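Since the structure comes first, as structure tokens, the remarks are kept for the end.
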Amino acid sequence: MSTLRLQKNTCVQDYIKQLNPSQREAVVNTEGPVMVIAGAGSGKTRVLTYRIAYLMDEKKVDPFNILSLTFTNKAAKEMKERIGKIVGGNEAKNLWMGTFHSVFAKILRFEADKLGFPSNFTIYDAEDARKVIANVIKEKNLDKEVYKVKSVASRISSFKNALITPKEYLRSPELQENDAAARMPMMGDIYRAYAERCFRSGAMDFDDLLLYTFILLRKFPDVLAKYQDRFRYIMVDEYQDTNHAQYLIVKSLANRYGNICVVGDDAQSIYAFRGANIRNILNYQRDYEDVRVFKLEQNYRSTKTIVGAANSLIKKNKEQLDKNVWTDNSDGEQIVINKTVSDTDEASYVARTIFEKNMQEHIPFSDFAILYRTNAQSRAMEESFRRRNIPYRIYGGLSFYQRKEVKDLLAYVRLTINSNDEEAFRRVINYPKRGIGDTTLEKITVAANANGVSVWEICSNLGYYQSVGLNKPTTVKIQDFVTKIQSFKALAKEAEAFDLATHIAKTSGLLRELSQDKTPEGISRTENIQELLNSVKEFTENQKEIEDGNPSLSGFMEDVALLTDSDNTTDEDNEKVSLMTIHLAKGLEFPIVFIVGMEESLFPSMMAMSSRADLEEERRLFYVALTRAEKEAYLTYAQMRYRWGKLIDCEPSRFLQEIDESFLNINTPDFSPFTGAYGDSDEPSASRRPSPRRAPTSSAPSRSRQPQRTMPQRKNLRKIESSLPSANSDSVADTNPSDINVGDRVKHQRFGHGKIKEMEGAGPNKKAVIQFDNVGEKKLLLKFAKLEKVSG
DNA sequence: ATTTTACAAATTTTT
DNA sequence: TTTGTAAAAT
């Protein structure tokens, strides 16, 4: 026993010896407020894990007194495992480690009665929340063209993030004027009704988990004191992505011991759209006294080229903390920029490059990642990977738990556990069909609102609530439904979670309904139900092994609401190319990264081009994407792509010009836009879209699309060539780069007038050193610079 | 009450 | 392109 103990101690010491000086400082300075600015790839997770291990092993802090908040469940799980390896799994398991949402949900379930919630409250996901809001708008007879569900939902979300309750909203003339000016004077009413409805349903949405935690701690000093005393050491990861509510909760929890360590990188703040406030990290030193700041600036992940390129890009942002990320790694390859004619072409370029690298250099598929701005871009990639038989895995998109059939079954389960859950009720009251329609539902809702009770309360006591005014047959149908759910509730008391869930799937009629659908989609839906049942089984087995586990179905439901797909990665995903959005890629790394769709109004997104702050966030997003790469990065863009089912012209992203050109290798392969793109003729063109290179004799491509296909192309080519001439640019726009010589006066779109001082390089990589009248000397790549020759 | 049909809208990112 | 909603028909 003692030798084991000794061994563990030497382990921690050994580990700490491996750290660089600033990492080590960040680990051993455990007391008081600390901020760790961790550049991309600087070993941040390492520091966090060692810090916690150090606290436990060296400082003998009870894991029960350590709170560590992360951004994703996955990060928490991984960190816990790593700590377990150092200090022993039994010790690590008592750590309070998880996402803000999951830790707070745990606290809220424990203290729920104080707020008037049941401890088995339901957690509404975004879809549930939106449906409730839609119902409220409808019931209030508001114009849904003015009160768009989406904007109302995001407005309510921002109230909650700012810790504004409906009451406070209705007391604030300023807020109300604000919404009145936006032609939504009823916003406060909607907000109040929504909150009331959730409360009656015994439900909280994602934002409520934060808001109610805040209210709990403010309203009950004894509860606050309890958790302040418990959490003697607090660590917050990804601090740049915390919102106002999270900021204040953390602050009040840390108020007693003051041992708070926040870790983050302002350059990687990419969640402002969701209420994250970058000021939290920028102002940290003002918020806490005697903050010690440690900067992790050495990058261990990437080549000098990638680090340099990323630095040159992020320099363009104004608001940031001062730091200098550097690396000892080798120079590595230049970053490849590739232009393609269309989105399909872009996809086949990516697939072909990966295929060749795999064949010739024996690089495993798992070394590659494709990153994109929007989920919709994954489809083109998917098709071309399938054609080449390259194994891939798409992360994100529609999560398993968001699928209709899965949510349907979960709704039955939710109703069994918490019958007041109105969203679950509405979802399944008439699915499968029971002949209970809108009119009936409307009557019940009116009665529920009039009596201030849940719809379930009405339905289970139809005898008492005579005023509902239902006819006999309908009453019987509803009573049947109620009886069914009640039988589930009774069974829930004794049956195993898996058996109960299976019973519900069968008895509710859901499985029967699905099995009648013999289409491939229908079969896969049945399989999804099967898979859900399996995961219930798996969950209970796991819980039984844990001392204080909760193997019941309600235990499963507590977990499931906060789970995302990436949390249950089966490790069978080896040897696959990863496809995901850039947001999802945060915190990950890959040897070779493709960033696709580098086009204006796609990346940066159209929505983000109006304000500087938004644009800076997009730039940080690009910074995050670029710094995922260890060895090589490829940036690709298409001249046109399908969006909203239409073919549209695209222009290369401004971000491409913002990277220092010395890191770039601009690759403009010789292609002819009218005969197709690349030597991909060996792959069967299974695409439903008429491929531009395909002969017109092949099976009739839709006539309406053909003119669309060729016309914009011609127009588009000219436009792009003026900025980025391709190899075969014989028809040249305004100024041919080869016409520009030393001594010429030129005009640049952004930098204004200047004079050519020097020229270097040749062909597509030709550069010019220009002395600009206003902005000084710049070295520009001619093909990017959009120079215009000025006479005189 | 339910099914069919037609038409519009949507795509920025997610705990 | 797909998805959802509203109106119309059964």
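Side-chain atoms are counted along with the backbone in the values below, which use heavy atoms only and exclude waters and symmetry mates. Fair warning: this is a prediction, and the values are worked out from it, not measured in the lab. Reminder, nothing fancy here: chain letters follow the sequence lines and each chain counts from 1.
- Counting any heavy atom pair closer than 4.0 Å across all strands shown, A:Asn430 reaches sugar-phosphate atoms only and no base atom.
- Side-chain atoms of A:Asn375 lie closest to B:dT13 of the nucleotides B:dT15, B:dT12, B:dT13.
- Look at NZ on A:Lys586: it is 12 Å from P on B:dT14, rounded to the nearest Å.
- Nearest-nucleotide positions on DNA chain B place A:Asp438 closer to the 5' end than the other of A:Asp438 and A:Thr374.
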- Query: Could you write out DNA chain B as a dot-bracket string, with dots for unpaired bases, | for bases paired across to another strand, and Watson-Crick or G-U pairs counted at under 3.5 Å?
  - Reply: ||||||||||.....
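- You'll find that the side chain of A:Met607 is closest to B:dT12, out of B:dT15, B:dT12, B:dT13.
- Between A:Glu238 atom CD and B:dT14 atom C1' there is a gap of 14 Å when expressed in whole angstrom units.
- Both the sub-6.0 Å distance and the 45° axial angle are not jointly satisfied by A:Arg619 relative to the ring of A:Phe655.
- Between C:dG4 and B:dT13, the two P atoms lie 15 Å apart (nearest whole Å).
- For A:Phe206, counting side-chain heavy atoms from C-beta on, the closest listed nucleotide (B:dT2, B:dT15, B:dT11) is B:dT15.
- Candidate nucleotides B:dT15, B:dT2, B:dT13 were compared by shortest atom distance to the side chain of A:His101, and B:dT15 ranks first.
- Only one option out of A:Ile215, A:Leu211, A:Leu210 pairs with A:Leu163 in a side-chain contact (heavy atoms from CB on, under 4.5 Å); it is A:Leu211.
- Spacing between atom CG of A:Asp559 and atom P of B:dT15 amounts to 15 Å, rounded to whole angstrom units.
- When the options A:Asp207, A:Asp205, A:Asn243 are evaluated for a side-chain hydrogen bond (donor to acceptor under 3.5 Å, both in side chains) with A:Ser157, the one that passes is A:Asp207.
- A distance cut-off of 5.5 Å between ring centres, combined with a plane angle under 30°, places A:Phe273 in a stacking arrangement with the base of B:dT13.
- Within 4.0 Å of A:Phe603, counting heavy atoms only, lies no atom of the nucleic acid at all.
- Nearest nucleotide to the A:Leu584 side chain, out of B:dT14, B:dT11, C:dT1: B:dT14.
- In terms of heavy-atom proximity, A:Tyr372 sits nearest to A:Ser378 at OH-CB, 3.3 Å.
- Checking B:dT11, B:dT14, B:dT12 against every side-chain atom of A:Tyr271, the shortest atom distance belongs to B:dT14.
- Relative to the six-membered ring of A:Tyr395, A:Arg393 meets both conditions, a distance below 6.0 Å and an angle of at most 45° to the axis.
- Results of the side-chain contact (heavy atoms from CB on, under 4.5 Å) test with A:Tyr271 over A:Gln240, A:Lys586, A:Glu238 single out A:Lys586 as the only residue that passes.
- Computed from coordinates, the A:Lys150 NZ to C:dG4 P distance equals 14 Å when rounded to whole Å.
- In this model, no donor atom of one side chain and acceptor atom of the other lie less than 3.5 Å apart for A:Ser653 and A:Glu599.
- Separating the CE atom of A:Met580 from the P atom of B:dT12 is a distance of 21 Å, rounded to the nearest angstrom.
- Protein atom CZ of A:Arg641 is 12 Å distant from nucleotide atom C1' of B:dT11, rounded to whole Å.
- Within the structure, every side-chain polar atom (N or O) of A:Asn243 is placed at least 4.0 Å from both OP1 and OP2 of B:dT15.
- With rounding to the nearest 0.5 angstrom, the OG1 atom of A:Thr374 is 11.5 Å from the NE2 atom of A:His583.
- Atom pair A:Leu615:CG and B:dT12:C1' shows a separation of 14 Å (rounding to whole Å applied).
- Residue A:Ile249 contributes atom CD1, which lies 18 Å from atom P of B:dT15 at whole-angstrom precision.
- In the set B:dT13, B:dA1, B:dT11, B:dA1 carries the atom at the smallest distance from any side-chain atom of A:Thr439.
- In this structure, A:Thr581 and A:Lys148 both approach DNA chain B, and ranking their closest nucleotides by distance from the 5' end singles out A:Lys148.
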